[in-house]
Structure formats: C-alpha cells, structure tokens
Number of protein chains: 2
Amino acid sequence: MFSEIKLTIRQTQILDFLFEFQLKERMAPTYREIADHFGFKSTKAAADHVSALEKKGYLRRHGGRSRGIDLITLTRQSDQKVIGVPILGDIPAGTPEQIIEKQNGTFAVDVKLIGNIGHHRLFALQVRGDSMVGRGIHAGDWVIADADAVPHENNLVVALIDGENTLKTLARKERRYYLKAENPDYNDWIPVTELIIQGIVKIAIRQIY
Amino acid sequence: MFSEIKLTIRQTQILDFLFEFQLKERMAPTYREIADHFGFKSTKAAADHVSALEKKGYLRRHGGRSRGIDLITLTRQSDQKVIGVPILGDIPAGTPEQIIEKQNGTFAVDVKLIGNIGHHRLFALQVRGDSMVGRGIHAGDWVIADADAVPHENNLVVALIDGENTLKTLARKERRYYLKAENPDYNDWIPVTELIIQGIVKIAIRQIY
DNA sequence: GATTTCACTAAACATTTGTATAGTACAACT
DNA sequence: AGTTGTACTATACAAATGTTTAGTGAAATC
C-alpha cells in the first residue's frame, strides 16, 4: 500500500483533539478553539499544525470556510451509526431465514448497543404477554435478538412454540436443556428438542410511562 | 399513532437543503449559503426558517457558533427514522439548557419508541449504581430522558443531587412530592425543593448477556 | 374583523473566524 | 555551516458569519 507519513507527538495530539471535537460537537473546531484547548496564545500555532496535518494527508481543509477542517476518515455517521433490524410480524414463519422475509418494517438500533456482530442476522419483536416479568421484560417492550448467536445457559431466547414466538430462559438440568418462563404463574418446562430457538435476545428496550 | 409537527412547503425545502448540504459538504451551511441557494436577498429569511425548524424540533442550533446547525434526524426515510439524542457526560451541569452543551456524542433512537415529542429536548445517559433495580433498571443500562416533560407521580426522573445524576422515582405523600430510590437497601426520601429534576425517563435500554 | 403565522426585504452591527506578516528558539538533517 | 522543519508568540487585517431592528404583504387562523 503506502507508508503513512509520521506525525510528531504534538501533531498526534492535535489530530486526536480534532477527532474528539468532531465527535462531541458534531462540527470541526476553529483555530481559536484549538488554540484555547492547548493553551496557545496565537491562532497561528493551531493553523500551522493543521496545515502540517493537511500536508501529510491526514485531513483536508476547505479554505476560507469557517470550521473547514474535514477529517477524511471520519464520517458524520460514524458517531451515530445505526443498524436497521427487521421487525418480526405477529405470525412469523418457522425458520430464521423466513423471519427476515416476513418483515414488517425495520427498527433502528444504535451500534453502541450491539458492538461488533459480524454478519449475524438480527431481528426485533415486540413482547406480548408477561412470561418474562421475572427478568424485567414486560408486554410492549421491544427486544432485539441475534439469529446466529450460539445459545448458552441462562440466555434469554426467542423460541417458536405452536406457531407463536415466545420469550424463555434457556436453562439446564444436569445435561439436558429446557426452557423456563420467568414468571411464578407459569411453570412450563419445555425440552428444546420440541421447538426451534430462533434467536438470542441481546437488547431489551422498555417504554416507561 | 403519532403525528409529527407539520412543516410548510418552504420549511421542507429548507430542511431538504440542509440535509443535502451536510451530506455533500460534510458541514452545515451558513445563513448566507442558505439565502444564496434560495435566492433570498436577506440572511434573515434563512435564519427565520432555521429558527422555525428548530422550534418544531427538526434541528438544534449551537448559538453563536458558525455553521452551528445540527440536524438531529439522520435519515429522512420514513421507514427508519432515528433521532440523535445527546449523551450526557459524567459530570453534567445543572440546568437542562446546559445539559445539551456538555454532550459527549449522540445516541440514535428510533422514533417508533418516542412518538411525538414535539420540540422537547431529549438526552441519553448510562446508568451507574443499582438504586433502580426495583424498576428493572440496572447499572450499564441506557436511559433516554425528556428534559421538557412535565413530571407526574410515579415518573422515573433524572435528578441532580450533589452534582451527580441519579435516577429516582417521583413519589407523593399527601400533597408533597418526594424522590424515592427503588431499592430496599436505600431509603433516601428527598424533598423535590432541594434538587433539580433534569428530565423524565421515557425509555430504558438494557443489554442482555 | 383582528391576530397570528408565513415569507420575505433592507440595512446594519458585532462577533467569529481564516489568514497574513514578522519574529524567536531549538532540533534535525545535508 | 546552512537549510529545513517544529513549535510556538504577537499583532492585525479582512472576510465570513451570526444576530438584530424595522418593516412589507399575503395567507391562515381565531
């Protein structure tokens, strides 16, 4: 490829500040804001540093314009990136593949919440019933589930039972897995062989009234 | 379900231009650039339109700063509309006005979750401590709060006590309001006169492991 | 019919901001 | 030994930009 041009310690500090400012304030700083941050008594110092960073290819400047520093690699969206997660309809099909096809719009989820999921397929659904109140999940809540995650004990899973999506906790007794409803009123332990686990719940979203 | 605050044809055109400019130029336009584009002979026309859009909650302005127009909504697609909610830093200032200024990046929230907030200011913060486990809110959870909502009894509120943000339930005993921690370990009832209620929690987001 | 909102013009002011000139000091190459 | 690059100060100008006061006319709302 190409070897990056080395930066001095100070130039690295300046560049770090530029990124930080852009992320926080959602705009580029002015030379005076840079100077103030570093305690420079002249704006020329800041301008010189930015000029050096431009020469070395770390940024572009839109000459004449205020706040014209353009950090090339940082898009505005990188601060606020969302993933469109398909919403599961009320009567979903069986397999995870079909789930995505039966979608009912999408739900936007901030990547801060899910991190690096790779190519995993996610889906969203709105909770009905109160089988999961024991884990703080109530009717009307939204859950985001990962269709490709490997289930582990104590995971909150989306399972398909009799054509309906239900939320259960994946439990284990000795060597056998079961599904458990987190509500004392329910006592349904269902062996995992009788059903399909469609996804592992990663995020729960509650609207508070 | 919810109706958005309506825009006039001209205001829609202005908003479209703001999105277009931000996308192309990677920065917000100035009032003169807006005026030039539309052929306005006074910058006041542009400023008035932007002011109207701010009042209707379609954008925020960073007063005094050049290119200080901050488009909150990222996408204009009706399917996947998100609002950028400023994230509160760890040591926030007192009044709701100052909250927005101390922002630390933004958090994207699907409008499906919030409905019509009008021009209410929202903010996001990550929960520390376990004072709200009784209401299913744990350390690490995200909460989205409305800085302009009117507090009611039993509301989950963000309150500023001794320079720290804490979550409490707004409770009432006879005619006086108090703040209650939803954890049997805590028993702190604080009269509302001694503190500032910064916002009413509308959404809680939990990452499930 | 009165008031408010919308959509601007016109002119000006104040601040913010980019840019320039002139210079100091030091370290690193060539 | 001389040049180049780094890292600034000090001052200042001019352009860019936000903001304000004062107004007009039409459309919408009360």
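In the text below, chain A, chain B and the rest are named by the order of the sequence lines, each starting its count at 1. We use all heavy atoms of the structure for the numbers below, so side chains are in, but hydrogens, waters and symmetry mates are not.
- Looking only at side-chain heavy atoms (C-beta outward), A:Leu71 and A:Leu15 come within less than 4.5 Å of each other.
- Scanning all heavy atoms of the two residues, the minimum distance from A:Leu113 to B:Gln207 falls at O-NE2, 2.9 Å.
- Contact check for B:Val50 versus B:Ile34: side-chain heavy atoms found under the 4.5 Å cut-off.
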Pairs under 3.5 Å (N/O, protein and nucleotides 9-17 of chain C):
unit_1	atom_1	unit_2	atom_2	d
C:dT9	OP1	B:Lys41	N	3.0
C:dT9	OP2	B:Lys41	N	2.8
C:dT9	OP2	B:Ser42	N	3.2
C:dA10	N7	B:Ser42	OG	3.2
C:dT17	OP1	A:Arg67	NE	3.4
C:dT17	OP1	A:Arg67	NH2	2.7
C:dT17	OP1	B:Ser66	N	3.2
C:dT17	OP1	B:Ser66	OG	3.2

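- Under 4.0 angstrom from either OP1 or OP2 of D:dA7 there lies at least one side-chain N or O belonging to A:Gln11.
- One end of the helix from C:dG1-D:dC30 to C:dT30-D:dA1 points its axis 40° away from the other end's axis, with each axis taken from 5 pairs and the angle rounded to 10°.
- For B:Leu53 and C:dT5, the CG to P distance is 16 Å, given to the nearest whole Å.
- A:His138 meets the side chain to side chain donor-acceptor pair (under 3.5 Å) test with no other residue; sequence neighbours excluded.
- Between A:Lys56 and D:dG5 there is no side-chain N or O to OP1 or OP2 distance below 4.0 Å.
- When the C1' atom of D:dT17 is taken as reference, atom CG of B:Asp36 falls 12 Å away, rounded to whole Å.
- Atom CZ in A:Arg61 sits roughly 6 Å away from atom P in C:dT19 (whole-Å rounding).
- Here A:His49 reaches the OP1 or OP2 of D:dC8: one of its side-chain N or O atoms lies under 4.0 Å away.
- Here the P atom of nucleotide D:dA16 and the CE atom of A:Met27 are 20 Å apart, to the nearest Å.
- Side-chain contact between B:Leu156 and B:Ile137: present, with at least one pair of heavy atoms (C-beta onward) separated by less than 4.5 Å.
- In this entry the distance linking CD of A:Gln13 with P of D:dT6 reads 15 Å, nearest Å.
- In this structure, A:His120 and A:Asp148 approach most closely via the heavy-atom pair CA-OD2, 3.4 Å.
- With rounding to whole Å, B:Ile14 atom CD1 is found 16 Å from C:dT5 atom C1'.
- Aromatic ring orientation, A:Phe17 versus A:Phe38: perpendicular (interplanar angle above 60°, classes split at 30° and 60°).
- One interatomic measurement links the two molecules: CZ of A:Arg10 to P of C:dA28, which rounds to 17 Å at whole-angstrom precision.
- Atom CD1 of A:Ile9 is separated from atom C1' of D:dG5 by 15 Å (rounded to the nearest Å).
- Smallest separation of non-hydrogen atoms from B:Gln126 and B:Gly140: NE2-O, 3.2 Å.
- Two residues are said to be in side-chain contact when any heavy atoms from C-beta on lie closer than 4.5 Å; B:Asn155 and B:Ile197 fail this criterion.
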